[in-house]
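Structure, as structure tokens:
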2 protein chains.
Amino acid sequence: MPSSEMPDKSVRATPGRAKRTTIHEVAKDARVSKTSVSRYLGEERKLLSDDLRERIEASIKRLGFKPDRIASSMRGRRTRLIGMVVADMLNPYTVAMMHGAETACREQGYSLVVCNTDRDDELERRHLDVLRAYSVEGLIVNTQGRNVDMLQELSNEGLPMVMVDRRVSELNVDMVGLDNHHAVSLATSHLLDQGYRDILLISEPIAGISTRQERSNGFQYALQACQDAHGDIIEVALTTPDALTEALKHFMQRPGAGPKALLSANGVVTTHICHVLRRHDSISFDTLGLIGIDELDWCALLDPGISTVAQPTQHIGQAAVDQLLARLSMSTRPIQHQLFEGSLNIRGSTRAR
Amino acid sequence: MPSSEMPDKSVRATPGRAKRTTIHEVAKDARVSKTSVSRYLGEERKLLSDDLRERIEASIKRLGFKPDRIASSMRGRRTRLIGMVVADMLNPYTVAMMHGAETACREQGYSLVVCNTDRDDELERRHLDVLRAYSVEGLIVNTQGRNVDMLQELSNEGLPMVMVDRRVSELNVDMVGLDNHHAVSLATSHLLDQGYRDILLISEPIAGISTRQERSNGFQYALQACQDAHGDIIEVALTTPDALTEALKHFMQRPGAGPKALLSANGVVTTHICHVLRRHDSISFDTLGLIGIDELDWCALLDPGISTVAQPTQHIGQAAVDQLLARLSMSTRPIQHQLFEGSLNIRGSTRAR
DNA sequence: AAGCGTTATGGAACCGTTCCCATAACCATA
DNA sequence: TATGGTTATGGGAACGGTTCCATAACGCTT
């Protein structure tokens, strides 16, 4: 017998979903129809007579029945899943926001499917595809903003969506984030108050990301309050570490209008700045002020403390979920952009002398 | 007419899942049966003739059809979901591990449903219930270990499961984590090498959590290498901040066998220690050494640098997923505990003088 | 031309729920 | 007793796919 080459397809061992007690078996056990069991499970429980209710309850307990959410979402069309697409899962801001969102979801009976794009557009598309395929009931997006078409389409299909942290102007959906103008003006005026007169805003490449743009604009605006102050903005890609080093060196050497300070546009930038400073001199804020947007675990730790503007990150995540659920139950409500105010934490890094 | 009080049930606006193109419409459009379309989508594509294949492909493109994963998981029984239950989502270790897991999932076509228990047993149970209800194909658990019965049950039902970071001895499932004995011995010998002779291990309450127990045991074992060294272990609940402060004060004042050092059992503890130290003196490691398990963003930053034993956190997350998928395709393979080695980062905080 | 093994295709059952609709049971009113 | 209006219950289609099984179509032998 000639053995024909043929891949063995028989292995396919454990099936994904284990066989469990079904509503049908409960119905049989309780001598009622599956409709009644379904009623018991859902919001129509009050329609049932005491008799049926008790029998069903007993059977469910005896058989250890747990309803299958997947099956129920088939006809019922409610997956109770919320999708979340984030650009950078390792960013402390993102983490705290996720945490707030997860908590809010749980409290409302939803679960969160988290997707990380690592700032990759193609990955973002793929993730959106997947989330659509799972019929998530809503989408929280922290997007790079280069897949507007796709997001637009999803939104048009009726998928509730809320942008978080960043807004995409073409996208006509709810948004939750920081009042960047206020935050940056808080930071800038503080620096000016402390006597700094030559200020450098360090941002990641703006590249159409609203948050960065707004912080940049806000900075320029806030500077105008002080005639004799000079401000500059520099965009550095953190992927090329030397860029930041060079930028800082250049800033320090350049003759300025007065005491120098850095304004870091976000937490990741702050971290990088500190690493660069540490690598060259040991960190001292006698000759160079520093304030950053985003509070980090260690800002109070690094002697003499780094001043920050803190975002209410967990609230933001929570608010995103709230918005989503609000829209879910009232799709016609007006589009809403919900901005939170940052709060200033003054520490040693901005006590000029 | 007496108006009877009655809640308005009619609002129930947008349904969760939008109406989309179905396999049935594609079939009609391509003049084939839905079976053929299903074949095209699945792994039986090679069974189709070129003619059909092309027609189906064209129709799918024209109609913009995207298969519904929920529906396909009904009969097909593969949800392509992985559930992950973590004790503390804000812990940097957890975050990095999640990141590794998310990446691995995506690469294998799975999605991750993340649940945070905030170290609450009841919440853990609820989350497990939910994940079961979604028929996740596998479970990654970073558990408090007080719901063994439930985890056991899930595992018995055939749900592949892998514990991460912490092991629960009663649970006969795969595990991925750090070689704690090695890590702690790395740290301890380093301290001894540097001449520290009075060492305090600071841990969160052991409370049956394997990782903490192992680090504690490993510490005691490693100490034996040095006759004239003295070691102590203290468990502090970080929820009562003064406990740690008191413990440190007591340790510092007590007469010791020689130079004193702290060994922090994990990153969260390290953070707390630094905060306490900073609040009292300014941090200086001249009179007190410090090394921590878990590398943190800022350990290199805090002058003169905090020594650590770093875990390959992302690898751990990735390995957890790998294990899960391996078991998914071969349920009979032997239980495996996969331990990674930590790596020592020597910095100024352990250069005794 | 009949018989047989392959390959390509379709029909229909099925997965575990929800929901629409029909109907039985009951009470009140005419 | 007939009529009508509730209320409690069940039957079965539906959801959007997958999979089992039957069969048509096609060579290839004999």
Side-chain angles (χ1 to χ4, degrees), chain A residues 1-2 4 6 9-10 12 15-56 60 63 65-80 132-135, chain B residues 4 6 9-10 12 15-56 60 63 65-80 132-135:
Chain A
M1 222 183 286
S4 74
M6 184 165 286
K9 280 188 22 174
S10 67
R12 182 78 168 306
R17 308 166 64 203
K19 170 101 190 112
R20 288 166 359 200
T21 327
T22 77
I23 210 175
H24 182 249
E25 300 170 72
V26 173
K28 208 167 61 180
D29 186 78
R31 288 159 299 131
V32 299
S33 73
K34 42 197 189 93
T35 308
S36 294
V37 180
S38 175
R39 287 203 174 99
Y40 176 87
L41 298 172
E43 287 148 37
E44 302 177 278
R45 187 178 306 199
K46 57 196 162 201
L47 291 185
L48 299 177
S49 68
D50 293 352
D51 179 34
L52 276 210
R53 195 169 15 233
E54 282 160 20
R55 267 155 54 204
I56 294 174
I60 286 183
L63 300 173
F65 167 77
K66 295 279 168 61
D68 179 332
R69 279 217 185 178
I70 298 250
S72 87
S73 79
M74 271 297 291
R75 183 87 218 264
R77 338 207 101 252
R78 309 210 50 189
T79 58
R80 298 210 159 267
R132 190 221 303 259
Y134 279 117
S135 299
Chain B
S4 72
M6 185 164 287
K9 278 187 27 173
S10 68
R12 184 79 170 304
R17 309 166 65 201
K19 170 101 191 114
R20 286 163 4 198
T21 329
T22 75
I23 209 176
H24 183 250
E25 301 171 73
V26 173
K28 209 168 59 179
D29 187 79
R31 288 158 298 128
V32 300
S33 71
K34 19 185 220 133
T35 307
S36 294
V37 180
S38 175
R39 289 205 173 99
Y40 176 88
L41 298 172
E43 288 148 35
E44 303 176 278
R45 188 177 305 200
K46 56 196 164 203
L47 291 185
L48 299 177
S49 67
D50 293 353
D51 179 32
L52 276 211
R53 193 166 20 231
E54 282 162 22
R55 271 163 40 211
I56 294 174
I60 286 183
L63 299 172
F65 167 77
K66 295 278 169 61
D68 180 332
R69 281 216 182 176
I70 298 249
S72 81
S73 79
M74 276 294 296
R75 179 85 212 257
R77 335 208 103 249
R78 309 209 50 189
T79 58
R80 298 208 157 271
R132 190 223 303 259
Y134 279 117
S135 300

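Per chain, numbering begins at 1; letters A, B, ... match sequence-line order. Atom set for the values below is all heavy atoms of this structure, side chains included, hydrogens, waters and symmetry mates excluded. Here the structure is a predicted model, which is why all the values come from computation and not from measurement.
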For [X] and [N], give me the distance from atom [atom1] to atom [atom2], rounded to whole Å.
X: B:Arg69; N: D:dC15; atom1: CZ; atom2: C1'; result: 19 Å
X: B:Glu54; N: C:dT9; atom1: CD; atom2: P; result: 12 Å
X: A:Tyr134; N: D:dC15; atom1: OH; atom2: P; result: 23 Å
X: A:Ile70; N: D:dG17; atom1: CD1; atom2: P; result: 14 Å
X: A:Lys28; N: D:dG11; atom1: NZ; atom2: P; result: 14 Å
X: A:Ile60; N: C:dT17; atom1: CD1; atom2: P; result: 10 Å
X: B:His24; N: C:dG11; atom1: NE2; atom2: P; result: 10 Å
X: B:Arg53; N: C:dT9; atom1: CZ; atom2: P; result: 9 Å

_Going by side chain to side chain contact (heavy atoms under 4.5 Å, CB included), B:Ile56 matches just one of B:Leu41, B:Leu48, B:Asp51. Which one?_
B:Leu48

*Nearest-nucleotide 5' precedence on DNA chain D, A:Ser49 against B:Ile23*: A:Ser49

Please determine, for the side chain of [X], which listed nucleotide ([options]) has the closest atom?
X: A:Leu47; options: D:dA8, C:dT9, C:dC20; answer: D:dA8
X: B:Leu52; options: C:dT17, C:dT9, D:dG16; answer: C:dT9
X: B:Lys34; options: D:dA8, D:dT18, C:dT18; answer: D:dT18
X: A:Met74; options: D:dC21, D:dG16, D:dG10; answer: D:dG16
X: A:Ala71; options: D:dG16, C:dG16, D:dG17; answer: C:dG16

*Does the C:dT17 base have a donor-acceptor partner in the side chain of A:Arg75 within less than 3.5 Å?*
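Answer no: no donor N or O sits under 3.5 Å from an acceptor.
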
_Check this for me: does the side-chain of B:Arg77 come within 3.5 Å of the base of C:dG16 through a donor and an acceptor?_
no

Applying a 4.0 Å non-hydrogen cut-off, can you work out what [X] is touching in the nucleic acid: base, sugar-phosphate, or nothing?
X: A:Thr35; result: base
X: A:Ser38; result: base
X: B:Val37; result: nothing

*asked:* Can you see if the side chain of A:Ser33 gets near the phosphate of D:dG11 - specifically, an N or O under 4.0 Å from OP1 or OP2?
replied: no

*Within less than 4.0 Å of OP1 or OP2 of C:dT17, is there a side-chain N or O belonging to A:Ser72?*
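Checking A:Ser72 against C:dT17: no side-chain N or O falls below 4.0 Å of OP1 or OP2.
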
*Nearest-0.5 Å distance that lies between atom CZ in A:Arg31 and atom CZ in A:Arg55*: 4.5 Å

Quick one: are [X] and [Y] in side-chain contact, heavy atoms under 4.5 Å?
X: A:Ile60; Y: A:Tyr40; answer: yes
X: B:Glu25; Y: B:Asp29; answer: no
X: B:Ile70; Y: B:Met74; answer: no
X: A:Thr79; Y: A:Tyr134; answer: no

